[in-house]
S.K.: 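Got a structure here, written out as C-alpha cells. Questions coming.
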Amino acid sequence: MKSILITNAQLINEGKTFSSDILIKGEFIHKIAGEISASEADKVIDAKGAYVLPGVIDDQVHFREPGLTHKANIYTESRAAVAGGVTSFMEMPNTVPNALTQELLEQKYEIGKNTSLANYSFFMGASNDNIDEVLKTPKDKVCGVKVFMGSSTGNMLVDNEKTLENIFSKVDMLIATHCEDEATIRRNTEIYKEKYGEEVPIQCHPLIRSEEACYKSSSMAVALAKKYGAQLHILHISTAKELSLFDNTLPLSEKKITAEACIHHMWFNDADYASKGTLIKWNPAVKTKTDQEAILKAVIDGRIDVVATDHAPHTLEEKSSTYFKAPSGGPLIQHSLPAMLEFYHQGKITLEQVVEKMCHNPAILFNVEKRGFLREGYYADIAVVDTNRPWVVDKGNILAKCGWSPFEGQTFKSSITHTLVSGHLAYEHGQFDESIKGKRLLFKR
C-alpha cells in the first residue's frame, strides 16, 4: 500500500488552523499527529510555509460531455479542476443528449470512471415529462436532481406548474434549482429589442435577466419546498433581494433550504461589462456592486452555504459574438480557490471560512461519504496551498479546453502546489500523474 507523509504543515480543518503532520496510506488519511516519522512513508512532501486543506468540492459544473466536446470534456476540465485544488465535482445534466433517463445518466458515470482525474458525480435532469425516470434516481449514488426553472438548453426548462408540484412533492433527495422566471426574461428581452434591435449592449444583460426574474423564481421554489418539506438547494444566487429567502439560524445539517454563491457573482459587477464584455455573460447575470457585496457578506454570515463555480466553458469564438448570439457561461474551476484566497488576502474572509464554504459544507449538504474534511479514516482529498507564491493567469497556463479565462491578466497571490485525489498525488508543482483516475462520489442518505 503506497503511503505519503505531508510534514511541517499548517492544517486548516473544522474552523481551526494548527501545525501537524498527516500520513496517507492508500486512499485514506491514516494518521494526523504532531510529528510522524518519515520512515512510515514511501514519499514525503515538505509543506513548510504552506497550508493543507481538504480538497474543494464544486457542486456545480458543466463539463460538456457528451455532445459538446468542442468546448470541453470531462478529462480536460477535471484536469483543470485538480490543478486548482478541486478534488470532487458535481456535473449538470444539460449535455447532449440531456441526462433525462437513468441510462443516459449512467453513460456519463462511465465516462467519468474512464477519464476523470477528480472524483465525480452527475445530477439527474428533470424535464416537463420525465418524472418517472427522476424517481428512479438512486439516492446513495447520485448527488441530486437538477431543475432548470428558467431558460436552458434542449428539453430542460421546467415551467409546468403540475410538474414542479410533482417534483417537489415526490423527490426525496436534494433538488438543485436554476431560478430565473422565463416570462419575465422574455418580456424584458422584447423591451430591449424594441430599443436596440439585435444590437442590444451587453450592459443590458442584468436588466433583461433581472433581479425581478431571479426573485420571482427563487421565492416560488422556496414556497414549493416549504409546502412539501422538500430539500431545496438554489444555485448561483445573484441578487441581494434573494438573500431574504435564506436562514442562518440553523446549522447546515438541519437546513432544508440552502443556497450557493458562485465566484463570478462575488468577483465581478455590472461595471466590468465595459472591459470584459460577453466574457462575463452568465445566467443568472452578474449584477450591481450592491448585489456583489451582499453575496459575499451572506457567504460569511451563513445565509449562503456553499461556494462553487458554475464552470461552463464555451469557445472564445462563440463568446466573441453579439449579445444575443454569445452563449452564457465561462471557465472558472482552475481559479476558484485562488480567487477565494485573494479575498482572504484582501481581509474579506478567513482561511477557515474558505475551507468551510468550499470543502466542509458541500460534503455536509450533499451527505458525501468520507470526504470534505481532514479526518483519520476519510479519503485523502487534499490541496496544498502556498499563499505566498504569486502567479499571473495567461493563455499559457490555462488548462480548460476552451483556452481562455475571464481572469486573464489577474495576479493571484496564492498557488496550489499539490493536489491529492483519494490518496493519489495527481498534481505536483505543475506536473500531473494521470495513472489513477478519480472515484465516483457516494452519499450517506
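Keep in mind that what you see is a predicted model, and the values were worked out from it rather than measured. Hydrogens, waters and symmetry mates play no part in the numbers below; they use all other heavy atoms, side chains included.
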S.K.: Are Leu117 and Tyr427 side-chain neighbours, meaning at least one heavy-atom pair lies under 4.5 Å?
M.R.: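 A side-chain contact is absent here, since even the closest heavy-atom pair is not under 4.5 Å.
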
S.K.: Could you walk me through whether Phe28 and Tyr378 satisfy the ring-ring contact (aromatic ring centres under 6.0 Å, His included) test, starting with their C-alpha distance in whole Å, then the side-chain angles of each, then the deciding distance to 0.1 Å, before giving a yes or no?
M.R.: CA-CA 6 Å; Phe28 299 99; Tyr378 269 52; 9.2 Å; no

S.K.: Looking at side-chain heavy atoms only, is the closest gap between Ser88 and Val368 below 4.5 Å?
M.R.: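 The answer is no; the side chains never approach within 4.5 Å.
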
S.K.: Is it true that the side chains of Asp58 and Thr309 contain a donor and an acceptor less than 3.5 Å apart?
M.R.: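 There is such a pair (donor and acceptor under 3.5 Å, judged by atom type) between the side chains of Asp58 and Thr309.
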
S.K.: Could you tell me whether the side chain of Asn248 and the main chain of Asp301 form a donor-acceptor pair under 3.5 Å?
M.R.: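 Yes, the answer is positive, given that a donor and an acceptor are paired below the 3.5 Å cut-off.
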
S.K.: Tell me if the CD atom of Glu254 is crowded by more than 12 foreign heavy atoms within 6.0 Å.
M.R.: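 Above 12, so yes.
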
S.K.: Check whether any side-chain heavy atom of Val286 sits under 4.5 Å from a side-chain heavy atom of Tyr273, and report yes or no.
M.R.: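 Answer yes - side chains close enough.
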
S.K.: Establish, for the pair Arg303 and Phe246, whether the NZ or CZ atom is under 6.0 angstrom from the six-membered ring centre and no further than 45 degrees off its axis.
M.R.: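 Judged by the rule (NZ or CZ under 6.0 Å from the ring centre, within 45° of its axis), Arg303 is not positioned above Phe246.
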
S.K.: Using only heavy-atom distances, determine whether the side chains of Glu65 and Tyr75 contain a donor-acceptor pair under 3.5 Å.
M.R.: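 Their side chains do not contain a donor-acceptor pair, so the 3.5 Å distance test is not met.
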
S.K.: Decide side-chain hydrogen bond (donor to acceptor under 3.5 Å, both in side chains) for Ser238 and Lys287; before the verdict, give the C-alpha distance in whole Å, the side-chain angles of both, and the deciding distance to 0.1 Å.
M.R.: CA-CA 7 Å; Ser238 65; Lys287 296 185 176 68; 2.7 Å; yes

S.K.: Under 3.5 Å, is there a donor-acceptor pair linking the side chains of His314 and Arg64?
M.R.: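 Result is yes, a qualifying pair exists.
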
S.K.: Does either side chain, that of Ser414 or that of His345, offer a donor lying less than 3.5 Å from an acceptor on the other one?
M.R.: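 Yes, a side-chain donor-acceptor pair sits under 3.5 Å.
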
S.K.: I want to check a possible cation-pi pair here: Lys108 against Phe122, using under 6.0 Å from ring centre and within 45° of the ring axis as the test.
M.R.: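 Negative - Lys108 is either too far from the ring of Phe122 or too far off its axis.
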
S.K.: Under a 3.5 Å cutoff, is there a donor and acceptor pairing between the side chains of His236 and Asn283?
M.R.: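 There is no such pair between these side chains.
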
S.K.: Of all the heavy-atom pairs spanning Val56 and Cys359, show the shortest one and how long it is.
M.R.: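 Closest pair (atom of Val56, atom of Cys359, distance): CA-SG, 4.0 Å.
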
S.K.: Check whether the side chains of Asn94 and His62 place a donor and an acceptor atom closer than 3.5 Å, and report yes or no.
M.R.: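 Side-chain D/A pair, Asn94 to His62: present.
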
S.K.: Taking the cut-offs as 6.0 angstrom to the six-membered ring centre and 45 degrees off its axis, would you call Lys113 and Tyr109 a cation-pi pair?
M.R.: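 Relative to the ring axis of Tyr109, which defines the angle, Lys113 lies outside at least one limit.
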
S.K.: Just so I know, are the side chains of Tyr379 and Glu369 near enough to count as touching, which here means a heavy-atom distance under 4.5 Å?
M.R.: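 No - every pair of side-chain heavy atoms lies 4.5 Å or more apart.
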
S.K.: Dump the intermediate steps for salt bridge (charged side-chain N to carboxylate O under 4.0 Å, His left out) on Lys281 and Glu318, then the final yes or no.
M.R.: CA-CA 12 Å; Lys281 184 186 178 192; Glu318 288 168 332; over 6 Å; no

S.K.: Strictly by modelled atom types, are Gln10 and Ser19 linked by a side-chain donor-acceptor pair under 3.5 Å?
M.R.: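 Gln10 vs Ser19: donor-acceptor pair found between side chains.
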
S.K.: Go through the steps to decide whether Glu408 and Lys395 satisfy the test salt bridge (charged side-chain N to carboxylate O under 4.0 Å, His left out), and finish with yes or no.
M.R.: CA-CA 7 Å; Glu408 280 176 61; Lys395 286 203 179 340; 2.8 Å; yes

S.K.: With a 4.5 Å limit on heavy-atom distance, are the side chains of Lys136 and Met124 in contact?
M.R.: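 No, their side chains stay 4.5 Å or more apart.
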
S.K.: Do His233 and Thr258 get their side chains close enough for a donor-acceptor pair, meaning under 3.5 Å?
M.R.: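 Distance-only check passes for His233 and Thr258.
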
S.K.: Verify salt bridge (charged side-chain N to carboxylate O under 4.0 Å, His left out) between Asp247 and Lys255, making sure each step is shown before the conclusion.
M.R.: CA-CA 8 Å; Asp247 183 21; Lys255 288 186 182 184; over 6 Å; no

